[in-house]
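Before any comments, here is the structure.
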Amino acid sequence: MILITGGRGAVATQLLALLHADGTPVRVGSTSPDGLAPPPGVETVALDLTDPATFPAALAGVTSVFLYARPDHITEFVDQAHRAGVTHVVVLSSSGVLGLLGPEPKDDVLAASHLAVERALLASPITTTLLRPGSFASNAASWAWSVKAGRPISLPFPGAHTDPLHERDLAEAAHAVLTDPRHRGGRFTLTGPESLTFAEQIDRLSAVTGRVIEFKHVTAEGWKEEMAEYVPPVYADALLAWWESTDGRPVALTRTVEELTGHPARTFTTWATDHTADFTAP
């Protein structure tokens, strides 16, 4: 039995479909399981990673877990998973942790939260596989409201590079490490196939949707104020610091997606094509 946490997420949804197609027994955990619509025969369960009281029922009979990295009560989760008989956990972490492991670690609260989860699991008897993606292509979905409203997208660093990764590629990589024993215990850094600036991503999105999409260059503080309702200041500062560090600097790419899945990583243009309705539907 494989437990998928964060059942509402795009990666979890794609991963569930792949495992179900294999006939693999799967349980899906979510803070609101009643709102899930899994395939027939797939069990859903209440699981809140900030509430240890939900851990025992979610983990009962489980042998492997796909875990969204949340530091809240991670020690309790690991202990309960071990007692329940879990032998393998695949952690959806972040490539940002690599910046904390060098001789001059960066001050990055987002990466630190992922690293705390990694360390808790690596210190346990459970075999742990680490998936460390860079940037999600789906981050561009935050622009959808502005695009549909015909308003320019606010960018503090339009020349900042990211390595947008399609959620389906990440789900297929997770499927590979969950089902192929050869990958157990590995550390995998995953990227999309291209290093693109935000401005380049907007150009591609415009070409795919057929809409004129503009952006305006705002200050970092102006962006923080604009996003204050949606992004806590500590996370906003971490994002701004990362974007500034890649402003005008292409990011390193890997071929890990291809090595795990057997095909090249999907392009940002493919992601935009798959999500055109998000930017054009009323």
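On a predicted model such as this, the values are computed, not experimentally measured, just so you know.
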### Message
Using the ring pair (Phe, Tyr, Trp, His ring centres under 6.0 Å) criterion, which residues pair with H161? Sequence neighbours excluded.
### Response
none
### Query
Can you name the residues that form a side-chain hydrogen bond (donor to acceptor under 3.5 Å, both in side chains) with S93, not counting sequence neighbours?
E118
### Task
Without swapping roles, check the side chain of H88 against the backbone of V65 for a donor-acceptor pair under 3.5 Å.
no
### Query
Should the pair F198 and W143 be assigned to parallel (<30°), tilted (30 to 60°) or perpendicular (>60°) ring geometry?
perpendicular
### Query
Is the shortest heavy-atom distance from the side chain of L92 to the side chain of P133 under 4.5 Å?
yes
### Query
Among L47, V45, L59, which one satisfies side-chain contact (heavy atoms from CB on, under 4.5 Å) with R27?
V45
### Message
Looking at E258, I'd like to know if its CD atom is crowded, meaning that more than 12 non-hydrogen atoms belonging to other residues, nucleotides or ligands lie closer than 6.0 Å.
### Response
yes
### Query
side chain to side chain donor-acceptor pair (under 3.5 Å) between E226 and S154: does it pass, once the steps are laid out?
CA-CA 9 Å; E226 187 175 330; S154 297; 2.9 Å; yes
### Query
Do R168 and W271 have side chains that get closer than 4.5 Å, going by heavy atoms?
no
### Separation of L18 CG from T13 OG1 (nearest 0.5 Å)
11.0 Å
### Task
Check the pair L3 / V86 against side chain to side chain contact (heavy atoms under 4.5 Å, CB included), numbers first and verdict last.
CA-CA 10 Å; L3 171 66; V86 172; over 6 Å; no
### Message
Rounded at 0.5 Å granularity, tell me how far CG in D169 sits from OG1 in T267.
### Response
9.5 Å
### Query
Would you say T191's side chain and T254's backbone share a donor-acceptor pair under 3.5 angstrom?
yes
### Query
Are there more than 12 heavy atoms of other residues, nucleotides or ligands under 6.0 Å from atom CZ of R8?
yes
### Query
More than 12 foreign heavy atoms under 6.0 Å from CH2 of W243: is that the case here?
yes
#### Entry: Side-chain heavy-atom pair S94, L110 within 4.5 angstrom cut-off
no
### Query
Between S146 and R151, is there a donor-acceptor pair closer than 3.5 Å when you use the side chain of the first and the backbone of the second?
no
### Heavy-atom side-chain contact between L155 and I202 under 4.5 Å
yes
### Query
Does any non-hydrogen side-chain atom of T87 lie less than 4.5 Å from one of R184?
yes
### Message
Hydrogens and angles aside, do Q201 and R204 bring a side-chain donor and acceptor to less than 3.5 Å of each other?
### Response
no
### Query
Would you say the side chain of T189 lies within less than 4.5 Å of the side chain of L98, judging by non-hydrogen atoms?
yes
### Message
Around atom NE2 of H183, are there more than 12 heavy atoms from other residues, nucleotides or ligands closer than 6.0 Å?
### Response
yes
### Query
Once the angle between the rings of F66 and Y68 is folded into 0 to 90°, is it parallel (under 30°), tilted (30 to 60°) or perpendicular (over 60°)?
perpendicular
### Task
Taking S30 for its side chain and S32 for its backbone only, find out whether a donor-acceptor pair lies under 3.5 Å.
yes
### Query
In this structure, which one of V78, V117, V90 forms a side-chain contact (heavy atoms from CB on, under 4.5 Å) with L67?
V117
### Query
How about T273 and T270: does a side-chain donor come under 3.5 Å of a side-chain acceptor?
no
### Exam field: side chain S206 to backbone D203, donor-acceptor pair closer than 3.5 Å
no
### Message
Within the 4.5 Å heavy-atom criterion, are K148 and R211 side-chain neighbours or not?
### Response
yes
### Message
Quick one: does any side-chain atom of D163 pair with a main-chain N or O of S135 as donor and acceptor, under 3.5 Å?
### Response
yes
### Query
Do T128 side-chain atoms and I126 backbone N/O form a donor-acceptor pair below 3.5 Å?
yes
